[in-house]
**Student:** 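Here it is, the structure in full.
From a predicted model like this one, the values you see are computed outputs, not experimental measurements. Within every chain, numbering begins at 1; the chains are lettered A, B, ... in the order of the sequence lines, protein sequences first and strands thereafter.
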There are 4 protein chains.
Amino acid sequence: MSSSVAKIAKEANVSPATVYIYYKNKEDLLVSTFLIIKQQLGKAMLKDFNESKPIRDILHTVWVNTFDFIVKKQELVNYAEQFENSPYSDLVNKNQTDKNFEQILKIFKKGIEQKIIKDVSIDMLEAFIYNPIIVLTNQRKNRNTKLDNKTIETAFQLAWDAIKL
Amino acid sequence: MSSSVAKIAKEANVSPATVYIYYKNKEDLLVSTFLIIKQQLGKAMLKDFNESKPIRDILHTVWVNTFDFIVKKQELVNYAEQFENSPYSDLVNKNQTDKNFEQILKIFKKGIEQKIIKDVSIDMLEAFIYNPIIVLTNQRKNRNTKLDNKTIETAFQLAWDAIKL
Amino acid sequence: MSSSVAKIAKEANVSPATVYIYYKNKEDLLVSTFLIIKQQLGKAMLKDFNESKPIRDILHTVWVNTFDFIVKKQELVNYAEQFENSPYSDLVNKNQTDKNFEQILKIFKKGIEQKIIKDVSIDMLEAFIYNPIIVLTNQRKNRNTKLDNKTIETAFQLAWDAIKL
Amino acid sequence: MSSSVAKIAKEANVSPATVYIYYKNKEDLLVSTFLIIKQQLGKAMLKDFNESKPIRDILHTVWVNTFDFIVKKQELVNYAEQFENSPYSDLVNKNQTDKNFEQILKIFKKGIEQKIIKDVSIDMLEAFIYNPIIVLTNQRKNRNTKLDNKTIETAFQLAWDAIKL
DNA sequence: GATGAATGAGCCTTCATTCAT
DNA sequence: GATGAATGAAGGCTCATTCAT
């Protein structure tokens, strides 16, 4: 976002002009990269996905997968977060990214139907499930809490307590 | 962040050069502004603060105050959020802003001692208390959930369920 | 047109950035300059203008004035001609420049009414009166014919023979 | 001139690199193209050329041929004109193009000898014979006068009146 | 204090040209 | 011959910052 095309190109060991062979302009570069990261995240979250398990277990697996992805691919996630907080994010149709998380949405809806999860909007569930992960893994916002397994489990406990009926 | 000094100066009806009489450079201007907003937020959160009330009630009051401030001063909060997600935020010592929220921190600690709140790090409590507010009020991240009183109360219920023992 | 803003700025002994204080963009710079030149030309052509003289004499005076201006201000005229042959000229409303030559147009119309000048379109009159001057003074198109007084008088003779009835 | 090599290559359905097999560089490409157009024009002007006819008739035929060519091959003529008004034209030796019009030059000289045409320089004759055609057919300089047969005949009348003795 | 004017540095982008295949 | 991929150089433009007044 704030990085210049020249810097991005340098990091990739190519000339700035080369970037414009593969992307129409800076906007295109940033958006395309963001979409790919979101896709990767969606895929990673669904690792060991087993719809037949109890909802709490499914969400727990997704939770752990998400932490895993974010820790291993911190740079990508940092980028995605910055992108979402920049004006460029207006260029992305939310549907484009939502489709990567459809299956997880379904679980939420099922949980609500079965009176396991509170009957609140998806946005709100996200605010208490997905977003705390982002915050806890964000090096700018969290400088003290170490991300060991125990912490991750504790965090899941809070998240689950928040949304469970 | 992305706004130019010229535009900022114009909005204040002064010459760009004048800005440099009051601030050392753009960085200084941005940081100072951020600190002031954080201070205002801290003050607003403490409206009707009454340490003698039950912890849940105190946090509820803080919660409502926070929503109130964010809705009424959206521009300021937008700025603060953008700032925190920009490289400029590295220039701010976290202690500088934390002092605006000391009293609230104390409540958390008291709640933990009294076994009312889960014994987790402050960062984690923040991730489930403060951050959901930010997300729900963020127009980019939340486009569907309306912020009426009922929603705010529901959200508090989730937050409280997350952190309470 | 083909000259870069940097080169233009250098010729004026200023930084390229300075240009943008006075002109909105390159387009604005080029168009504004062109309009000023056209205005100067229009004014120069009307020197010693005396509507009461015979039409041939009036046009002769205009003719000489025009040659004079073009020879003395060759650079400006070169610029104007290049401008008119560039895509930038589409940005200029023809009415904007025509008003500089209104009085001369009137003479043409009067000449036609009085059956002194052939009854043809203004465009065609221009093609035989104004344009030959441009061609003869253009260093690229005319390398052999010297522009002494005798030549100028001869050229006027041809021009007049072309348009007179 | 302002078109990029990439675009020119695309229009010819070849790779930009291929252009450099046939032409040394862009300059070479532009100049070569210009010379070919001038050659075509020269050839077209001489259609039905019959040296034994009266001079006025010969020039009339040339005149009509020229209009014909310009109208039918507007794109080529536009290109040639743009080229002649660009710095690239300095790279063309005038003799290179003049040879395409030698026979017409001869007619002029003969007309002068026979005291049918005014004894003025070839440049000046061109300024009143060839150039008005260019101006009248130029869409930027002439927006009102329609180029029907009658107009073309009228224009020839002016041109002939200009140069005839 | 305040500011109008000026600018060096940097940004996004295009383009003529090269070269390995 | 032909080309896809790559790039150095340059172009138009913006901006944080300075400084004489």
**Student:** Find the distance between CD (C:Q40) and CD1 (C:I36) and round it off to the nearest 0.5 Å.
**Tutor:** 7.5 Å
**Student:** Name the residue closer to the 5' end of DNA chain E, choosing between A:S3 and D:V5 according to the nucleotide with the nearest heavy atom.
**Tutor:**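 The residue mapped nearer the 5' terminus is A:S3.
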**Student:** Please list, in numerical order, the residues of residues 13-27 of chain C that have a heavy atom closer than 4.0 Å to any atom of DNA chain F.
**Tutor:**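 The answer is C:A17, C:Y20, C:N25, C:K26.
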**Student:** Below 4.0 angstrom from OP1 or OP2 of E:dC11, is there any side-chain N or O of A:K7?
**Tutor:**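 The answer is yes; a side-chain N or O of A:K7 sits under 4.0 Å from OP1 or OP2.
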**Student:** Regarding D:N131 and D:E126, do their side chains bring together a donor and an acceptor under 3.5 Å, going by distance alone?
**Tutor:** no
**Student:** Name all residues meeting the side chain to side chain contact (heavy atoms under 4.5 Å, CB included) criterion together with C:I21; count only those two or more places apart in sequence or in a different chain, and write none if there are none.
**Tutor:** C:T18
**Student:** What range of DNA chain F does chain D touch, first nucleotide to last, counting atoms under 4.0 Å from its heavy atoms?
**Tutor:**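 Here the contact window of chain D covers F:dG1 to F:dG4.
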**Student:** Do C:I134 and C:V77 come close enough that some side-chain heavy atom pair is under 4.5 Å?
**Tutor:** yes
**Student:** Check residues 91-98 of chain B and write down every donor-acceptor pair under 3.5 Å in which the side-chain atom is one partner and the other belongs to a residue at least two apart or another chain.
**Tutor:**
from	atom 1	to	atom 2	distance (Å)
B:N93	OD1	B:N95	N	2.9
B:Q96	OE1	B:N93	N	3.1
B:T97	OG1	B:K94	O	2.9

**Student:** Please report, to 0.1 Å, the donor-acceptor pairs under 3.5 Å made by any side chain of residues 24-31 of chain B, with sequence neighbours excluded.
**Tutor:**
from	atom 1	to	atom 2	distance (Å)
B:N25	OD1	B:E27	N	3.3
B:N25	OD1	B:D28	N	2.9
B:K26	NZ	B:M1	O	3.1
B:K26	NZ	B:S3	O	2.8
B:D28	OD1	B:S32	OG	3.2
B:D28	OD2	B:K24	N	2.9

**Student:** Are any non-hydrogen side-chain atoms of B:K99 and B:E102 less than 4.5 angstrom apart?
**Tutor:** yes
**Student:** Any heavy-atom pair between the side chains of D:F101 and D:L41 that's under 4.5 Å?
**Tutor:**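 Result yes, sub-4.5 Å side-chain heavy-atom pair found.
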**Student:** Below 4.5 Å, heavy atoms only, C-beta onward: do A:N85 and B:Q82 meet side chain to side chain?
**Tutor:**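 No, every pair of side-chain atoms sits at 4.5 Å or beyond.
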**Student:** Under a 3.5 Å cutoff on both atom distances, Watson-Crick or G-U, what's the dot-bracket for DNA chain F ([ ] crossing, | other strand)?
**Tutor:** .||||||||||||||||||||
**Student:** Taking atom NZ of C:K38 and atom CG of C:N100, what is their separation to the nearest 0.5 Å?
**Tutor:**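 That separation rounds to 8.5 Å.
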